[in-house]
2 protein chains.
Amino acid sequence: MAARKIAKKRSAVGPVGNEGPKGSVRMQEIAERSGVTAMTVSRALRTPNKVSPETLDRIRKAIDELGFVPNFVAGSLSSRQSRMVAVSVPSLANSVFSDFIEEMSTTLMDKGYTTIVGCSSYDHKYEEEILSEFLGWRPAGVILTGTSHTERTKEMCRRSGVPIIETWCKTNKPLDIVIGFSNQRAAYEMTRSLIDWGYRKIGFGYVASENNDRSMERRRGWKKALTEAGYECQDSRTRGGSFAIREGAMILDKLLKEHPDTDAIVFGSDTLAVGALMEAQRRGLRVPEDIAITGFGDVEMASETVPALTTVRTPRRELGRVCAEVLLRKIAGTYDGPRVIDRGFEIVRRQSA
Amino acid sequence: MAARKIAKKRSAVGPVGNEGPKGSVRMQEIAERSGVTAMTVSRALRTPNKVSPETLDRIRKAIDELGFVPNFVAGSLSSRQSRMVAVSVPSLANSVFSDFIEEMSTTLMDKGYTTIVGCSSYDHKYEEEILSEFLGWRPAGVILTGTSHTERTKEMCRRSGVPIIETWCKTNKPLDIVIGFSNQRAAYEMTRSLIDWGYRKIGFGYVASENNDRSMERRRGWKKALTEAGYECQDSRTRGGSFAIREGAMILDKLLKEHPDTDAIVFGSDTLAVGALMEAQRRGLRVPEDIAITGFGDVEMASETVPALTTVRTPRRELGRVCAEVLLRKIAGTYDGPRVIDRGFEIVRRQSA
DNA sequence: CTGAAAGCGCTTACAG
DNA sequence: CTGAAAGCGCTTACAG
């Protein structure tokens, strides 16, 4: 405010170089120092081939000397497009999502885009708040986990007019574009595989949350496989939003107590499965001889446990990259691919089943 | 552009309500609909007590009906302060940092701040690029992992004039403020504890990277404890930036090959320790009878392995919260605490040593 | 309690 | 290849 006004006066009067601690350098300063106008500095940054080589040199030198960092806030307001992408995931503590985010944000940064990330804690209402906050930054695109959202979330997405990608799921009626895989199909095939391998009393372990459509889809897949084969369905769950390892142990305990003849458990996540694996070891249960255990995700840990975990590999890094790439093309207006993109999954058989 | 101009004309001519898909609602529209000027709408949002209750009601109603989302980009440019905080961590895949980030970003969002996160992949040069990118958004504050950075990174921090917090370390000469704990002291005490518990040939396992000052500090602490006690120092490492579980197994292998009489290994991270634990199990080695293993971090998994992991608990969530709180006070200009904040650590003895 | 004017630092859309 | 003018959607600093 006052400081800025003084700075302006200074640059109009004498040579630059004494920018105060708070007075960050503007294009104007660069322009003066290189004997052009701000317009040409702007061009040098955005379309350098439209500026003469000598001018370019001078400008670049000035930028370097003054440590000029272009103000994206001003640029975004002016051009009505911000190179920013907003993402909401249920949790970062779950490595499945942190890997996804890491890959996505790296891909986006390579193209000059900044990623803002919010954690909804598996809560649709909180996802709505995050989105509303993020939309204030007028992002160029939005990526949401799952396909179930509050009405207001959907309404805000529509009104915003920006490209939306939903991910980690598959649906036939995405808000805009969906990139993921069928959770139901994946759990179905995992369960089918167990049946093929000779298991008969197959339980399901998960954390119940009406907000987690992925989890519920997986449960549906497990149920479908058993029903088709004419087997009983017995599941066990803990309540709450977190996917603590501990919960896996509790589920194993509960399931074996209620249905002692259970010979396999399909878990809705690797974290739960690893928890169950550890609990089995503590009890002296042999896996898979006494009880088979399968996970979902194929996190790094899955191949290292003893016994190594049989699981469903989901393409989490690939999902991050593809979401970024498709979104970028949507933003550029050059996307002409399908609205539903299925990246599949893979059953990985190791030792635990 | 053209669309915007048409939209303006529209709103000047007739009643509002037909905003196009791209034409997001502005304060101007809210003002017209509630019979005031944009200035009053701005007040209603920022200092509602300075607006008459009736006016406030009308404005809020209009905001709701039109689905107005204030444009932070314009607000930031105008007020010369953005409610945005930039953070750089080495990796999100490491749960130690994702927990930290989750806590920090939640704390910041509660106060109306948005967090932008970048992953440096344990690379100082890449940290510099991320920072330079982030500074373009004119964040209100910056949080950096570690205390070792490139010269240009430090220079940019100074020039930016925004509050900087370094974390996960302790140093006497922070760029601005440092909030963390002494990695050297923590590893020293872990090693001392092992000595007290009767171990004599204590190795150190870590991933070598000159960019990771935390790791090197921990190694120094281990060495110091052994040297003071007059014992030999034998370490083993793998090269590279990642903290894969696999590396822990490789380190165990190498260390036992080169120094078969090793009776304990201090690991620089829980991930490595868990990898070693699994490898020991695969080889039929008893932990801690044949070999003791300790970790660093106390991640969720640490208490669930069999045997449960003895480790150093670092206050990662607390660090996230405190970084956010201190930064917020620095931004507000009300911080008068120390420049060096030590949040300590804790040796957690379980079964693996 | 409310408003008119000016400005934040860029980019767009011309013009030359 | 370069520049002058206008404007992006808000907030600041008055004034009433």
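Convention: sequence-line order gives letters A, B, ...; per-chain numbering from 1.
For the segment residues 46-57 of chain A, residues with any heavy atom less than 4.0 angstrom from an atom of DNA chain C are, sorted by number, Arg46(A).
At least one side-chain heavy atom of Thr171(B) sits under 4.5 Å from a side-chain heavy atom of Pro174(B). Proximity of Ile143(A) to Ser88(A): side-chain heavy atoms (C-beta onward) are nowhere separated by under 4.5 Å.
The phosphate of dT11(C) (OP1 or OP2) has a side-chain N or O of Ser42(A) nearer than 4.0 angstrom. Under 4.0 angstrom from either OP1 or OP2 of dG3(D) there lies at least one side-chain N or O belonging to Thr37(A).
A salt bridge links Glu65(A) and Lys61(A); the closest N-O separation between the charged side-chain nitrogens and carboxylate oxygens is under 4.0 Å. A salt bridge links Arg159(B) to Glu155(B): one of the charged nitrogens lies within less than 4.0 Å of a carboxylate oxygen. Comment: Glu29(B) does not engage Arg33(B) in a salt bridge, judged by the lack of any side-chain N to carboxylate O separation of less than 4.0 angstrom.
Spacing between atom CD of Gln28(A) and atom C1' of dG7(C) amounts to 14 Å, rounded to whole angstrom units. We find that CZ of Phe72(B) is positioned 13 Å from C1' of dG9(D), with the value rounded to whole Å. Between Ile30(A) atom CD1 and dT2(D) atom P the separation is 16 Å, expressed in whole Å. Between Leu77(B) atom CG and dC10(C) atom C1' the separation is 8 Å, expressed in whole Å. Counting to the nearest Å, the C1' atom of dC8(C) and the CD atom of Glu29(A) are 13 Å from each other. Put simply, CE on Met39(B) is 10 Å from C1' on dA13(D), counting in whole angstrom units. Going from atom CE of Met27(A) over to atom P of dG3(D) covers 14 Å, rounded to whole Å. A straight line from CG of Asn71(A) to C1' of dC8(C) spans 9 Å, rounded to a whole angstrom.
The minimum heavy-atom distance linking Glu128(A) with Arg152(A) is given by the pair OE2-NH1, 2.8 Å.
A donor-acceptor contact under 3.5 angstrom links the side-chain atoms of Arg43(A) to the base of dG3(D).
Contacts of Val36(A) with the nucleic acid, taken as non-hydrogen atoms under 4.0 Å apart, involve only primed sugar atoms and P, OP1 or OP2.
Where Val41(A) and Ser78(B) each meet DNA chain C at their nearest nucleotide, the meeting point lying more 5' is that of Ser78(B). Nearer the 5' end of DNA chain C, as judged by each residue's closest nucleotide, is the contact made by Arg58(B), out of Val69(A) and Arg58(B).
Atom CG of Asp336(B) has 12 or fewer heavy atoms from other residues, nucleotides or ligands within 6.0 Å.
Panel note: side chain Ser76(A), backbone Phe72(A); a donor-acceptor pair is recorded below 3.5 Å.
The closest side-chain donor-acceptor pair between Ser148(B) and His124(B) falls under 3.5 angstrom. A donor-acceptor contact closer than 3.5 angstrom links the side chains of Trp137(A) and Thr114(B).
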*asked:* Could you spell out the base pairing of DNA chain C as a dot-bracket line? Use Watson-Crick and G-U wobble contacts where both distances are under 3.5 Å, [ ] for crossing pairs, | for partners on a different strand.
replied: |||.||||||||.|||
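Candidate nucleotides dT11(C), dC10(C), dT12(C) were compared by shortest atom distance to the side chain of Arg26(A), and dC10(C) ranks first.
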